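Data first, discussion second: the structure below is written as structure tokens.
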Number of protein chains: 2
Amino acid sequence: MPLDRRSGCPINLSLEVFGDRWSLIILRDIIFGGRRHFRELLNGSMEGIASNILADRLKRLMELGMLTKADDPSHKQKAIYSLTEMAIALVPILAHLGAWGRVWLPTREELSIRAELLERGGPPMWEKFMDELRHEHLGTPLDAASGPSVRATLQAAYEAVVAEKARSASPAA
Amino acid sequence: MPLDRRSGCPINLSLEVFGDRWSLIILRDIIFGGRRHFRELLNGSMEGIASNILADRLKRLMELGMLTKADDPSHKQKAIYSLTEMAIALVPILAHLGAWGRVWLPTREELSIRAELLERGGPPMWEKFMDELRHEHLGTPLDAASGPSVRATLQAAYEAVVAEKARSASPAA
DNA sequence: TGCAACCGATTGCAAAATGCAATCAGATGA
DNA sequence: TCATCTGATTGCATTTTGCAATCGGTTGCA
């Protein structure tokens with residue numbers, strides 16, 4: 001897309017941000033996977049992003065104001081990527097996107113259980129998750145006595161499905 | 001992205017559907033702009049899609065089950081593209097996407113007024129709109145006495161902003 | 001009947017984006 | 001010392017995109 005023909009339509013501008021194959025995958029891994037480092041994103045993503053594309057997209061997402069980069073105090077070469085409020089605000093979109101994909105596309109059960117839980121949790125759960133992300137990435141205070149984190153809840157559900165599938169695949173051991 | 005490394009993650013699969021620059025723009029023009037023909041989509045979109053890309057994406061969206069094509073009885077060469085339920089189900093995502101873009105990106109006021117109204121209308125308005133789209137594209141019956149259509153409401157708001165801007169730009173006439 | 005305008009595409013070609021493997025220089029831990 | 005790990009970068013082949021021209025057929029009008 002040539003830069004001289006952008007329209008000011010919100011949907012079009014949104015597509016300029018993540019209307020490509022990788023930007024939203026990276027944000028997904030940071031948000032739901034809790035990944036903060038280059039290598040974690042490079043090796044951790046199921047889809048196998050190339051390192052030059054990852055570097056390019058991280059740079060682009062920083063320029064767009066969706067991510068910030070900081071030195072990791074424990075390792076002079078490590079960089080920690082953090083979400084901005086702009087990126088955290090994508091959580092409802094990701095929740096809807098996951099819900100839509102779960103219904104209409106051939107998703108795998110263990111990978112769609114998180115989308116299902118997030119959909120069932122609805123806006124209250126999204127808000128809680130966003131608050132946890134703000135705490136994790138922006139250092140804002142967190143409400144006390146809020147129970148297990150949303151990410152831990154989603155992760156536990158994922159692992160339960162994986163375990164159940166393994167059990168039913170080989171019932172006797 | 002090579003086809004042999006797709007993951008069954010709902011977000012990843014969703015991105016395979018509209019993780020590109022144009023697919024969602026086309027759907028936007030059909031949904032909000034009411035466009036049904038090739039030429040309408042070609043000339044009507046603000047972003048100026050190329051005809052080969054448009055043809056390719058229409059074909060792809062049909063293969064994915066998001067669109068269907070039918071002959072226009074009034075013109076032997078005209079084709080009418082219709083949304084499927086799968087595509088109509090994107091309305092909440094488009095609403096969220098518009099709302100997000102309106103807040104975080106440099107949208108133009110007259111183009112973002114629709115997103116604002118759609119956000120304010122919330123899920124009830126989205127449902128009404130989806131029902132109207134089902135009527136328009138799938139031929140399902142429509143609830144009577146439902147007032148002006150959502151699309152007409154959004155269009156009227158857009159035109160009001162345009163008129164207001166023109167008035168304030170040249171107050172004396 | 002002739003003919004310009006319109007219909008949904010398709011073609012050829014240049015430019016840009018992507019995928020992939022190899023590699024970089026500096027930091028770390030043994 | 002030296003293998004390993006850090007966030008990237010480079011070169012190159014492949015794929016996708018942008019763009020203008022064009023295609024065969026249809027339509028409305030004179």
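Proteins come first, then strands; the chains are lettered A, B, ... in the order of their sequence lines, and each starts at number 1. This structure is a prediction, so every number in the text was calculated from the model and none was measured.
Listed by chain and number, the residues in a ring-ring contact (aromatic ring centres under 6.0 Å, His included) with A:Phe18 are B:Trp100 (sequence neighbours excluded). B:Tyr158 pairs by the ring-ring contact (aromatic ring centres under 6.0 Å, His included) definition with nothing, not counting sequence neighbours. For the side-chain contact (heavy atoms from CB on, under 4.5 Å) test, residues two or more places apart in sequence or in another chain that qualify with A:Asp29 are A:Ile25, A:Arg35, A:Leu41, A:Ser45. With sequence neighbours excluded, no residue forms a salt bridge (Lys or Arg N to Asp or Glu O under 4.0 Å) with B:Lys76.
Atom CD of B:Glu40 and atom C1' of C:dG8 are 13 Å apart (whole Å). Look at CG on A:Leu54: it is 13 Å from C1' on D:dT9, rounded to the nearest Å. At whole-Å resolution of the value, CD1 in B:Ile26 and C1' in D:dT17 are 13 Å apart. A:Leu58 places its CG atom 14 Å from the C1' atom of D:dT6, with the value rounded to the nearest Å. We find that CG of A:Asp56 is positioned 9 Å from P of C:dA17, with the value rounded to whole Å. Atom CZ in A:Arg57 sits roughly 17 Å away from atom C1' in D:dG7 (whole-Å rounding). Straight-line distance from the CD atom of A:Glu47 to the C1' atom of C:dC20: 17 Å, rounded to whole Å. Separating the NZ atom of B:Lys78 from the C1' atom of D:dG28 is a distance of 12 Å, rounded to the nearest angstrom.
Contact between the side-chain N/O atoms of B:Trp22 and the OP1/OP2 oxygens of D:dT17 is not found at any separation under 4.0 Å. At the phosphate of D:dG18, neither OP1 nor OP2 sits under 4.0 Å from any side-chain N or O atom of B:Arg21.
Within residues 67-77 of chain A, the residues approached by DNA chain C to less than 4.0 Å at the level of any non-hydrogen atom are A:His75, A:Lys76, A:Gln77, in residue-number order.
Taking NZ of B:Lys69 as the reference point, atom CZ of B:Arg36 lies at 14.0 Å (rounded to 0.5 Å).
Judged as a salt bridge (Lys or Arg N to Asp or Glu O under 4.0 Å), the pairs with a partner in residues 115-133 of chain B (not counting sequence neighbours) are, in order, B:Arg102-B:Glu116, B:Arg102-B:Glu119, B:Glu116-B:Arg120, B:Lys128-B:Glu132, B:Asp131-B:Arg134. A salt bridge (Lys or Arg N to Asp or Glu O under 4.0 Å) check over residues 48-63 of chain B, counting only residues at least two apart or in different chains, returns the pairs B:Asp20-B:Arg57.
You'll find that the side chain of A:His37 is closest to D:dG7, out of C:dG8, D:dG7, D:dC19. When the nucleotides C:dT18, D:dC19, D:dG7 are ranked by their closest atom to the side chain of A:Asp20, C:dT18 comes out on top.
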Result block: side-chain N/O donor-acceptor pairs under 3.5 angstrom for residues 106-113 of chain A, not counting sequence neighbours:
from	atom 1	to	atom 2	distance (Å)
A:Arg108	NE	A:Glu110	OE2	3.2
A:Arg108	NH2	A:Glu110	OE2	2.3
A:Glu110	OE1	A:Lys165	NZ	3.2
A:Ser112	OG	A:Arg108	O	3.2
A:Ser112	OG	A:Glu109	O	3.3

Show each protein N/O and nucleotides 10-15 of chain C N/O combination with a separation under 3.5 Å, one pair to a line.
from	atom 1	to	atom 2	distance (Å)
C:dT10	O4	B:Ser51	OG	2.7

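The aromatic rings of A:His96 and A:Trp126 sit perpendicular, their planes meeting at an angle over 60°, well past the 30° parallel limit.
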